[in-house]
Amino acid sequence: MRIENKLPEDFLWGGAVAAHQVEGAWNEDGKGPSVVDVLTAGAHGVDRKITEEVKDGFYYPNHVASDFYHHYKEDIRLFAEMGFKCFRTSIAWTRIFPKGDEQEPNEAGLQFYDDLFDELLKYGIQPVVTLSHFEMPFYLVKQYGGWKDRKLVDFFVRYSVTVMERYKDKVKYWMTFNEINNQKNYRYPLFGYSCSGVIFTEEENPEECMYQVVHHQLVASALAVKKGHEINPDFQIGCMIAFVPLYPFSCRPEDMMYSVEAMHDRYLFGDVQARGKYPSYIHKEWERKGFHIHMEKEDEKILREGVVDYVGFSYYMTNVVEAGKEEEGNGLDGFLGSVGNPFVPKSDWGWQIDPVGLRYALNLLYERYQKPLFIVENGFGAIDKVNGDGTIEDDYRIAYLKAHVEEMKKAVLLDGVDLIGYTPWGCIDCVSFTTGEMKKRYGFIYVDRDNEGNGTLERRRKKSFFWYKKVIESGGEIL
Ligand code: P53
């Protein structure tokens, strides 16, 4: 018997970005400022600053980013050349509702995404759309305190319904909140700020506040799923979680048990979105800590009715936890409370490279949720060098992706995991989220722009571009 070595015909090979990390044009055609528009550039080990407004004397890398807003036709032509079946991006909420609380949307913003999706569909590329990818309106932070205010639920639902109605015949795959679980690490200001517009460390009880904020978001997510299905019953609407599996440091029973407890941090919000209710362990934790999360009477029903159709997740690395070392790690290179893994190498930014961990992740999530999965981010942030003849030989990136695709294939072909697709992160170079750098590149396509904003914005195919084209062409057989 021949053993199948290809992924199914309808497997969605593609690439992923987020509006704020590629588009630029931060204040064009009526767009309002988002939370990232007041984020400065940092570096590995240097935090991005959150300035109170757009101030003179600071450099804001997302204002221009890769200028996808003006280059999207050229970029989509390159995606089509690679054979993309899908392309994941987000809608910038602030192009549609510049302040966030308006009654009427901004037509110029809606038109931009109409044009973008039409351009994709022209080549048979399916748009996969995140509704909120770290780019909520800055006005909602100033005026309402971000997601602390339950009114944000209504604003988000109004925005979601507006775009789901508008694009109901163009977009089938949606996701609500990108990496909703990042903010579980309430100690690191960037996470709460980018997910919800709240800096938890400035709150009286940071952890309790985080749960309240996320509760509002979970209700909003469930309502968007429910209303989306009413708009078009064919919609597939997913959650999106940052999935960093935590291995026990040793086979010491205490390490094993601590890894199970620590994994709750990874699972919690996905559990609510995929199963429609809060899991048992969180009720016990709230009781122990004396937390009171305010919920409306109808919330239970909303969460139950707004269960997602699939589980989208990002996978970059695994981490290791050891009982008794709960305060190690910084939470940016991974989990707060994580120790190094002597068996795996690290990227220049300290992210541990572990392809086998992807097969492990796929098995964990499939066994837990029994829902289709979608790897909506994976990739290798690295510094690329342009040779004298203009070529870019990113063999390190090819090696990373090849090893991950191999493990992904095992999960599908050997373990029987139901996987919708694979969209490597930053398929065209973009601004790094955690550091704001341009030099932390992920793309198959190089963008001529540096950390200080110099460069022609010219696009170039890297060696990995030609590699990925073959992978797609062969259904993953040739790696
Ligand atoms: P950059 C942590 C762990 C895994 C994924 O990150 C993460 C994070 C940080 O939140 O974020 C995702 O650009 C995120 C993207 C981001 C990408 O990882 O810092 O969804 O917006 O660009 C890569 O290298």
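Order of listing sets the numbers, starting from 1, for every ligand and every atom in it.
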Practice item. Check Tyr442 against ligand 1 and report side chain, backbone, both or neither, counting heavy atoms closer than 4.0 Å. Key: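 The side chain, only.
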Study note, to complete from the structure: The answer for which part of Asn178 has a heavy atom under 4.0 Å from ligand 1 is side chain
Review point. Against heavy atoms of Asn182, which atoms of ligand 1 measure under 4.0 Å?
Key: 10 (O)
Practice item. Report, in ascending order of atom number, the atoms of ligand 1 lying under 4.0 Å from any heavy atom of Lys440. Key: 1 (P), 19 (O), 24 (O)
Study note, to complete from the structure: Closest to atom 2 (C) of ligand 1 by heavy-atom distance, out of Trp351, Phe380, Phe134, Tyr316, is Trp351
Check your understanding: Nearest to atom 3 (C) of ligand 1 by heavy atom, His133, Met317, Arg48, Glu377: which?
Key -> Met317
If you have a sec, work out which protein heavy atom is nearest [atom] and how many Å separate them, to one decimal?
atom	result
atom 11 (O) of ligand 1	Glu179 OE1, 2.8 Å
atom 13 (O) of ligand 1	Phe433 N, 2.7 Å
atom 19 (O) of ligand 1	Thr434 OG1, 2.4 Å

Check your understanding: Between the side chains of His264 and Glu285, does any donor sit under 3.5 Å from an acceptor?
Key ->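 No pair is found: no donor N or O on one side chain lies under 3.5 Å from an acceptor on the other.
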**Study point:** Pair Arg397 + Asp384, salt bridge at N-O below 4.0 Å
**Key:**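 Yes, charged N to carboxylate O under 4.0 Å.
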Revision key, fill the gap. When Phe117, Phe112, Tyr173, Trp174 are each screened for ring-ring contact (aromatic ring centres under 6.0 Å, His included) with Tyr167, the one that passes is Phe117
Review point. What residue among Trp425, Tyr400, Tyr316 forms side-chain hydrogen bond (donor to acceptor under 3.5 Å, both in side chains) with Asn378?
Key: Tyr400
**Study point:** NZ/Lys55: more than 12 non-hydrogen atoms of other groups inside 6.0 Å
**Key:** yes
Point to revise | side-chain contact (heavy atoms from CB on, under 4.5 Å) partner of Leu419, the single match among Tyr310, Tyr366, Phe374, Phe11 | key: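 That would be Phe11; it is the only one of Tyr310, Tyr366, Phe374, Phe11 passing the side-chain contact (heavy atoms from CB on, under 4.5 Å) with Leu419.
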